[in-house]
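One structure is given here, and the rest of the page talks about it.
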Number of protein chains: 2
Amino acid sequence: MITIKDIAEMANVSRSTVSRVLNDSGYVSEDARKRVERVVKETGYVPSEHAKSLRTKKTKVIGVILPTIQTETPSRIVTGLGRELSKHGYQILLANTDHDKEKELEFLDLLKVRQVDGIVLIATNTDDKLMEKIKEINTPLVMIGQEAEGVIHVTYNDYRATKELTRLFIQKGHEKIAFIGVDESDRSVGHFRKQGYLDEMAAQGLSVDKAWVQKGIFDIESGYEAMKQILNHAVNKPTATIAVTDRLAIGAMSYLKEQGMDIPTDMAIAGIGASEMSQYLEPPLTTVDYQNEKAGEEGAKQILACINSKPFQERIVMNYRLIIRESVQ
Amino acid sequence: MITIKDIAEMANVSRSTVSRVLNDSGYVSEDARKRVERVVKETGYVPSEHAKSLRTKKTKVIGVILPTIQTETPSRIVTGLGRELSKHGYQILLANTDHDKEKELEFLDLLKVRQVDGIVLIATNTDDKLMEKIKEINTPLVMIGQEAEGVIHVTYNDYRATKELTRLFIQKGHEKIAFIGVDESDRSVGHFRKQGYLDEMAAQGLSVDKAWVQKGIFDIESGYEAMKQILNHAVNKPTATIAVTDRLAIGAMSYLKEQGMDIPTDMAIAGIGASEMSQYLEPPLTTVDYQNEKAGEEGAKQILACINSKPFQERIVMNYRLIIRESVQ
DNA sequence: AATTAATGTGGAATCGATACCACAATCAAT
DNA sequence: ATTGATTGTGGTATCGATTCCACATTAATT
């Protein structure tokens with residue numbers, strides 16, 4: 001392996017001078033600079049990141065903790081993160097928790113040890129334990145998808161989006177609207193989306209039958225099950241359903257079709273997330289575009305600002321966009 | 001930050017001894033070991049990976065280069081990789097090329113500089129330039145999804161899978177079978193899958209109309225377009241279509257439905273990849289499960305074997321599994 | 001001409017670990 | 001009692017960079 005020492009010898013200068021040229025710092029004569037640059041180019045020399053990190057305590061690596069990369073939301077966020085980070089010479093160290101909260105904590109420690117310059121956490125909860133650990137490791141950190149006091153975060157307007165979605169249904173004349181959510185330990189997807197729905201229903205003077213509100217996990221199958229529950233247990237059958245993710249909506253649609261029900265005539269439905277599939281469903285699914293890639297880019301910008309002690313925003317709320325398609329009428 | 005020096009002082013031994021305890025190497029008295037271990041536990045000390053890497057030339061990091069993480073195949077592979085690698089204390093450094101061949105080369109260099117212990121390349125081509133660069137960087141490397149001479153690779157049996165898929169259609173009585181592929185610069189998905197189809201057609205004495213064979217890129221939209229081409233340009237209308245990915249199949253189905261055609265009566269269809277959506281389509285899609293996660297795990301095992309100079313297999317071909325659903329009859 | 005300031009350069013310490021080597025102490029074998 | 005393993009420990013060089021500091025040279029100022 002070729003090192004700074006070799007370059008120094010070949011260019012007939014000291015290692016200090018080579019370093020100065022490389023980092024564009026301190027005084028270097030035009031002559032010496034030229035010689036060093038020539039040798040560097042000829043040899044294709046690139047300084048060792050590890051030696052550099054050891055000395056400077058900077059690694060140019062950002063750790064990204066996520067629950068899975070098998071769904072569109074985190075994938076898109078990581079794509080956005082990667083795009084922005086690579087512009088500034090940063091790389092992503094991936095930590096996949098596979099939805100395991102314990103691993104979330106372990107990875108925070110591990111990334112700390114790896115001395116990443118910053119951490120992006122695509123979180124599914126904001127437990128006390130997690131928040132404590134975040135403070136404890138004392139590394140620049142941005143949370144995406146959940147809001148959290150005292151932590152830089154990029155979130156979506158879950159409450160308003162769901163409220164608007166609910167209003168859309170009501171405007172179309174629906175009064176009996178069902179809701180497929182997820183566990184409320186996920187504040188964003190579980191709690192706020194549900195609250196938006198409930199509040200809008202209440203605001204419009206509509207009552208909510210208990211059987212209309214079901215819960216799934218983050219897969220298609222549980223959307224199917226949730227819709228089954230709704231149809232089997234509701235005395236007063238709803239005419240519309242809001243699912244908090246597109247996959248849940250897809251599962252729900254699957255059950256509806258199996259029962260020979262027409263969408264949207266017998267049951268209107270909407271999801272959230274603007275999955276690629278949503279427009280190819282039958283009928284195309286009404287959904288909400290959250291601009292996940294942009295959220296990732298935004299998160300990257302904030303973590304970089306934080307790392308470089310530039311001004312940053314602690315709280316960023318992304319805009320959303322309703323995509324109204326034939327699954328609603 | 002707490003270092004080995006601090007531990008040494010606190011435990012009243014030399015740094016060498018601490019290192020020996022930490023790495024379980026050389027002679028250490030029971031007494032000294034106890035003292036060091038106690039101090040380590042009390043302080044929560046963890047050695048700096050960078051200092052370690054600088055000295056040992058090992059980083060416990062595997063670079064993963066992929067074309068995108070927004071589709072299921074690479075996502076699943078990375079999940080499998082991550083699962084296996086993390087078992088052995090390795091982390092993943094992610095390099096997303098966004099389908100840019102140039103970036104593929106750049107990242108190979110970059111990962112080399114980062115001194116990753118190994119590289120996993122989820123490749124979409126096997127260009128000479130790429131192969132050359134792979135030899136040049138001289139880092140343990142495993143390619144997943146493409147086969148390549150002189151490089152450890154994990155592939156799928158693309159040729160046989162497509163051949164079997166074609167045979168399935170023929171057995172069901174189809175004689176006019178269309179094919180939606182991708183560019184043949186992608187040997188696995190483009191070339192071999194097409195060849196499997198062509199060979200089986202020929203083997204069964206069936207001719208292939210030129211208009212039946214169309215090409216798309218890796219998205220739903222181009223599957224739609226390809227099917228449009230087939231139906232508009234084929235004089236002799238096919239009764240079945242094989243698409244080389246589920247997404248292409250989904251696009252094709254979308255066009256068929258738009259034209260009021262029934263699947264599978266008017267057109268039978270099959271995809272490849274066993275996407276999560278495939279079973280929720282209408283009708284559920286016949287497809288091929290490639291066990292991507294397992295391929296990832298397998299790739300991880302090989303790269304680890306290679307790194308630790310243990311015996312490894314240069315060539316691993318994964319098994320596939322036909323999933324026959326209602327889109328074929 | 002003498003002093004000060006600006007410009008260049010290299011030596012050496014440092015970052016936090018590992019690993020080789022020398023030396024000490026203990027113990028067994030001749 | 002001497003030799004020779006075996007066991008245990010610490011000193012020091014090293015990995016490949018950066019950075020501080022000292023020193024040399026040149027240019028600018030009085």
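The sequence lines fix the lettering, A, B, ..., with proteins before strands; numbering per chain opens at 1.
Following rounding to the nearest Å, A:Arg114 (CZ) and C:dG16 (C1') show an atom-to-atom distance of 16 Å. Rounded to whole Å, atom P of C:dT7 lies 14 Å from atom CZ of A:Arg33. The distance from atom CD of B:Glu9 to atom C1' of C:dA17 is 15 Å, rounded to the nearest whole Å. If you measure from atom CD of A:Glu30 to atom P of C:dA6, you get 21 Å, rounded to the nearest angstrom. When the P atom of C:dG16 is taken as reference, atom CG of B:Asp6 falls 9 Å away, rounded to whole Å.
Between A:Asp24 and A:Arg33, the closest side-chain pair of non-hydrogen atoms falls below 4.5 Å. With a 4.5 Å cut-off on side-chain heavy atoms, A:Leu105 and A:Lys129 count as touching. The closest side-chain heavy-atom distance from B:Gln115 to B:Lys57 is below 4.5 Å. A 4.5 Å side-chain heavy-atom check between B:Tyr45 and B:Asp6 finds every atom pair outside the cut-off.
Contact annotation: A:Ser14 side-chain N/O to C:dG11 OP1/OP2 distance is not under 4.0 Å. Applying the 4.0 Å criterion to OP1 and OP2 of D:dG8, one finds that B:Tyr27 has every side-chain N and O outside that range.
Geometric assessment of B:Arg187 against the ring of B:Phe192 yields a positive cation-pi assignment under the 6.0 Å and 45° thresholds.
Ion pairing of A:Arg315 with A:Glu147 is present here, as a side-chain N (NZ or NE/NH1/NH2) and a carboxylate O approach within less than 4.0 Å.
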Notebook entry, point to check: What string of B, S and - do you get for nucleotides 13-20 of chain D, 5' to 3', if B is base contact, S is sugar-phosphate-only contact and - is no contact with any protein heavy atom under 4.0 Å?
Noted result: BBBBBBB-
